[in-house]
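Okay, structure first, notes after.
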Number of protein chains: 4
Amino acid sequence: MNEHTPLTRAERQRLQLQAEIIEAAFLEFSERGYHQTAISDIAKRLGIGHGTFYRHFQNKRDILDKVILDTLYKITALLAEENAPDAVSTLEDYIIQCERIADRFQQFAKDNPKTVRLILLEATSIDKEMTAHINNLLHMGGLFVANYLNNGIQKGFLKANLDTEMTGHAVVGIIIAGALRFLSDVENPKMLEQYAYAAVQLLISGVAA
Amino acid sequence: MNEHTPLTRAERQRLQLQAEIIEAAFLEFSERGYHQTAISDIAKRLGIGHGTFYRHFQNKRDILDKVILDTLYKITALLAEENAPDAVSTLEDYIIQCERIADRFQQFAKDNPKTVRLILLEATSIDKEMTAHINNLLHMGGLFVANYLNNGIQKGFLKANLDTEMTGHAVVGIIIAGALRFLSDVENPKMLEQYAYAAVQLLISGVAA
Amino acid sequence: MNEHTPLTRAERQRLQLQAEIIEAAFLEFSERGYHQTAISDIAKRLGIGHGTFYRHFQNKRDILDKVILDTLYKITALLAEENAPDAVSTLEDYIIQCERIADRFQQFAKDNPKTVRLILLEATSIDKEMTAHINNLLHMGGLFVANYLNNGIQKGFLKANLDTEMTGHAVVGIIIAGALRFLSDVENPKMLEQYAYAAVQLLISGVAA
Amino acid sequence: MNEHTPLTRAERQRLQLQAEIIEAAFLEFSERGYHQTAISDIAKRLGIGHGTFYRHFQNKRDILDKVILDTLYKITALLAEENAPDAVSTLEDYIIQCERIADRFQQFAKDNPKTVRLILLEATSIDKEMTAHINNLLHMGGLFVANYLNNGIQKGFLKANLDTEMTGHAVVGIIIAGALRFLSDVENPKMLEQYAYAAVQLLISGVAA
DNA sequence: AATGAATGAGCGTTCATTCAT
DNA sequence: TATGAATGAACGCTCATTCAT
C-alpha cells in the first residue's frame, strides 16, 4: 500500500470512531476528571457499548495517553505557527512578537478551555509518569522561550546577562498563571486581555519606575 | 467551651490523634496521591485501626479538606511572617525585600517539597470544589503581591501605571513555575537559587536592554 | 444426498475448512486448555475471521464436542487396527499380543501427546456431559480389554475365575497411569518402555514370587 | 504467645469462617468446576458478602490452592494411617494388607466422592501449575507403593526382578481407574467391592492361568 | 459465504463506609 | 472509644456471540 492508496471505507470508519472516542474521553476527563470517569461514561457519551472501547484502546491508561498526545499536538501546532525566534531584530518588533504570541495564547485558551484544564489541572496527578510528561512539556516550554531570549541578546535588544533558561521558565510561569486565572473565571474574557498586557509589560521592563 | 476552659486530658488526646491522622494523611496523599491512597493506608501508617479514622473524620473527602486547610495555614503563616508591604520605601529596599521573600519561598520549598506537590499537582484535580480552593489560594497570592506593588507605586519607586492585580498574578505564576521546576528536580538545589535570582531580575527590570 | 452423489467443489471446500477448524481448535484446546482458549485464538491460528467460525459451528461448546469426537475416532481406529481378541490361543501368543498392543499405545502417545493430554486432563472438567463422554470412553476401553480376557479364559490360558470386566477396567487404569507418567515427562521416552514392560509383567503374572 | 495460649474469640471466628469458605469453595469447585464457579457463588452459598471473601483469601487462585491443600491433607492422612510397608513378611499378610488398603480407599471414595472428583477430574486442567501438583501427587503415590513392593522383594515374597517404581505407578493407575469407575456410578457401591477384589487378584498373581 | 466491528453479560477485584463487639 | 470484620457498589476488562456489510 503506497502513500496514495486511499483508505477503505472500513478503515475510515475505524479512524473516525477512534477519533470520536478520543474526543469523548477528552471531554469526560476534562469535565469530570480522569479518576472520576469510568470507561462506561465515555461509551455512554458516544452511545456505544463499552466493550467497543476495548476494540480501539488497550485500557483506560492507554486512552489517556492518546488524549494527552492529541492535546499536545494542538499546543505544539499553536507554537509552531509562530514565526521563528530570530525573526525579530529590534525591541519594538520583539514587543510586537510578544503581544502576538500572547494573543495567540489568549485565543487558544478561549477556544480550548477544557484542554487547558486537562493539561494544567487534571494531568498533573494521574500518576508519576503523566506528571513527568507534563513537567517535561513545561520544561520544553521554558527552553522554547529561552530561544527567543537568546536571539534578543544576540541582536542586542535584550539584557546581555540574562539567565535565559531560568527566565524562560519564569515566562512559562507567567503564562500558566494567566491560564489558571482564566480557568477560574471563564466568563470574563476582558480579564485575560488585561493580564496579557500586564504580563508583557512585566516581561519587557519589569516593575521598577 | 470558652477560651478559659482547659481541655481535659481526653480532649487533648483526641486533638492529638486528629493532628496525627492529618499528618499521616498529608504524607500519604502527597506521596501516593489522593486517589491512590486508601483510608487503610493512612491508618496503617499511624498504627491505628482504620475504623478509628471514621471517629474523627466524616469520610475520605473530609480529611482531604482538613489536610489542605492545614497546609494552607502553613503557607499563610509563611507569608504572614514577612514584614508588611509598606515597610520599604525605596527601590533598593524593595529589591532586598523581594530577595528575602524569594529566599523564604526557596527555603519553604526545600523544607516542604511534599506540601508543594500536594497543593500544586495533587489538589488541582480532586473535584471542582478543591480546585476552586486552590484557585482561590492563588488569587489571594496575587492580591497579596499586588499590595506590595501598590505600596511601591505609592512610594514612587515602581511604575505608576502598573496593573498591580494582574502583575501580582503574574508574579504568582513566576513563583509557581519555580516550584514546579524544583519538584521536577528536587536533588538540584542550585537550580532554585538561579531561578530565584533570574526571577527577581525579571520582576524588577524585565528583559529589555 | 446418497453415497453416489459427488460432492460439489464448494461442499468439499466447506468440509475441508471445517476439518481445519477442528484441527486448530484441537491444538489450541490441548495446548492452552479449553477455558483459556478464545474463539479468536482458533481463528487466528487458521488465519480466518473469527466470525467465520460461527458459520461452521454453533458455539464454543459445539466445537469441543467435534474435537473430542474427532479424537475419539483416532483412538478407536488405533484399537480397531489390532487383531481380534480371539486371534490368539496360547499364553505365549497372548503375551506377544499384549506387548504389541503396549507398543501401539506407546507409539500413539509419543505421536499424539496432545491428544492424550486433551482426553485425560482437559476434557474431564469441561462439564458433566463431557465428563460422561470420557467416562464412557474408559468404560468401553474396559469392556474392550475384557473381550481379550474372556477369549483367554475360553482358550484356557487365563484364570477361569477372572472378573473380566473389572480386570479390564484395571488394565485401562494401568494404561492411563502410563499415559500420565509420559505426559509429566515427555522428554523421556525410555521411561515409557520400562513402564510398558513392567505393566505387561504385572498383568500376566502379578507381583507375587 | 506460647503454644498454650488459647485463641481469642475473634481468632477462632476468623479461622472458623476461613474453614467455612474453604468448605464452600470445595463444594462449588467440585460440583460446578473451578472455571464455572464465581467468587460470588462461594459467597452466596455461605450467605456472606463477596467482598468478605477477599478479607480471607488473596484471590480465586489462592483459595483453589488452599482447597487442594486441604484435600491433599485428607488423602495423606488416609495413607499415613496405614501401617508401615515393612510391617508384613509373608505373601499372605501382604495380601491382607492390600485388601485392607483397598478397603480404605473404597471407604474414602464413598465418604468423599467430591474430593475424588475434584482431584482426579477438576484439578487436572486448571493451569499448568495445578496439573503439575496433581502429577506430583500421583508420582508420590507410585513411589509410595514402590516402598511396599521393595519390602516384599526384600522379604522374598515378591518377584525379585520387579521394576518396583514402574509397577508402583501401575498400581496407582489401577486405583485411579477404580475411582473413576466409582465416580461414574456412585449409586452402585457393590461395583467398587468387585473392582477392589479383582484389582488385588490382578496385582498378586496376574491373569495367566 | 466470509468478515470483523459491535455488543453486553459476567467476573475478579478494590475500597470507602458501617457497625457489632 | 477503638477496632477490624463485613459489606456491596463500582469499575476495569474479557470474550462468546450477533449481524451488517
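Numbers restart at 1 for each chain; the letters A, B, ... are given by sequence-line order, proteins then strands. The shown structure was predicted, so the numbers you read here are calculated from the model rather than taken from an experiment.
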How many Å lie between [atom1] on [X] and [atom2] on [N], as a whole number?
X	N	atom1	atom2	result
A:Arg14	E:dG4	CZ	C1'	10 Å
A:Asp62	F:dT14	CG	P	12 Å
A:Glu11	E:dG4	CD	P	11 Å
A:Lys60	F:dT14	NZ	C1'	18 Å
B:Gln16	F:dT1	CD	P	17 Å
C:Phe57	F:dA16	CZ	P	15 Å
B:Leu15	F:dT1	CG	C1'	15 Å
D:Glu20	F:dA6	CD	P	10 Å

State which residues pass ring pair (Phe, Tyr, Trp, His ring centres under 6.0 Å) with B:His56; sequence neighbours excluded, sorted by chain then number.
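Per chain and number, B:His56 pairs via ring pair (Phe, Tyr, Trp, His ring centres under 6.0 Å) with no residue.
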
State the dot-bracket string of DNA chain F. Criteria: Watson-Crick or G-U wobble, both atom distances under 3.5 angstrom; notation: ( ) intrastrand, [ ] crossing earlier pairs, | interstrand, . unpaired.
.||||||||||||||||||||

A side-chain contact here means heavy atoms from C-beta on lying under 4.5 Å apart; do A:Leu64 and A:Tyr34 qualify?
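Yes. Closest side-chain heavy atoms under 4.5 Å.
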
Would a 4.5 Å heavy-atom cut-off, applied to side chains only, mark B:Ile126 and B:Ile68 as touching?
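No - every pair of side-chain heavy atoms lies 4.5 Å or more apart.
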
Side-chain donor-acceptor pair under 3.5 Å between C:Thr124 and C:Thr131, yes or no?
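No - no donor-acceptor pair under 3.5 Å links their side chains.
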
Pair C:Gln36-D:His35, side-chain donor/acceptor within less than 3.5 Å:
yes

Interface polar pairs with nucleotides 19-21 of chain F, N/O, under 3.5 angstrom:
none

Mapping A:His56 and C:Gly47 onto DNA chain E by nearest heavy atom, which one lands closer to the 5' end?
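First, find each residue's nearest nucleotide; the 5'-ward one identifies C:Gly47.
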
Start at the 5' end of DNA chain E and walk down; is the nucleotide closest to C:Leu17 or to B:Gln58 reached first?
C:Leu17

Under the side chain to side chain donor-acceptor pair (under 3.5 Å) test, residues paired with D:Glu23 that sit two or more places apart:
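D:Glu23 satisfies side chain to side chain donor-acceptor pair (under 3.5 Å) with no residue once adjacent residues are dropped.
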
Could you list the residues that satisfy side chain to side chain donor-acceptor pair (under 3.5 Å) with B:Lys114, not counting sequence neighbours?
B:Glu31

Among E:dG4, F:dT14, E:dT17, which nucleotide has an atom closest to any side-chain atom of B:Asn59?
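Comparing E:dG4, F:dT14, E:dT17 against the side chain of B:Asn59, the answer is E:dT17.
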
Is the charged tip of B:Lys60 near the ring of B:Phe53: under 6.0 Å from the six-membered ring centre and within 45° of its axis?
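Because its charged atom misses either the 6.0 Å distance or the 45° angle limit, B:Lys60 does not stack over B:Phe53.
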
Tell me whether the NZ or CZ atom of B:Lys66 lies within the 45° cone about the ring axis of B:Phe29 and under 6.0 Å from its centre.
no

C:Glu129, CD: over 12 other non-hydrogen atoms inside 6.0 angstrom:
yes

Within the structure, does a side-chain N or O atom of A:Thr52 lie under 4.0 Å from either OP1 or OP2 of E:dT7?
yes

Do any side-chain nitrogens or oxygens of C:His50 fall under 4.0 Å of OP1 or OP2 in F:dT18?
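For F:dT18, OP1/OP2 do not have a side-chain N/O of C:His50 under 4.0 Å.
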
Which pair of non-hydrogen atoms, one from C:Leu121 and one from D:Ser125, has the smallest distance, and what is that distance?
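For C:Leu121 versus D:Ser125, the nearest heavy atoms are O-CB, 3.3 Å.
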
Do D:Arg45 and D:Asp41 meet the salt-bridge criterion of a basic N to acidic O distance under 4.0 Å?
no

Does anything in residues 25-44 of chain A come within less than 4.0 Å of DNA chain F? Heavy atoms only, and list the residues if so.
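Output list: A:Thr37, A:Ala38, A:Ile39.
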
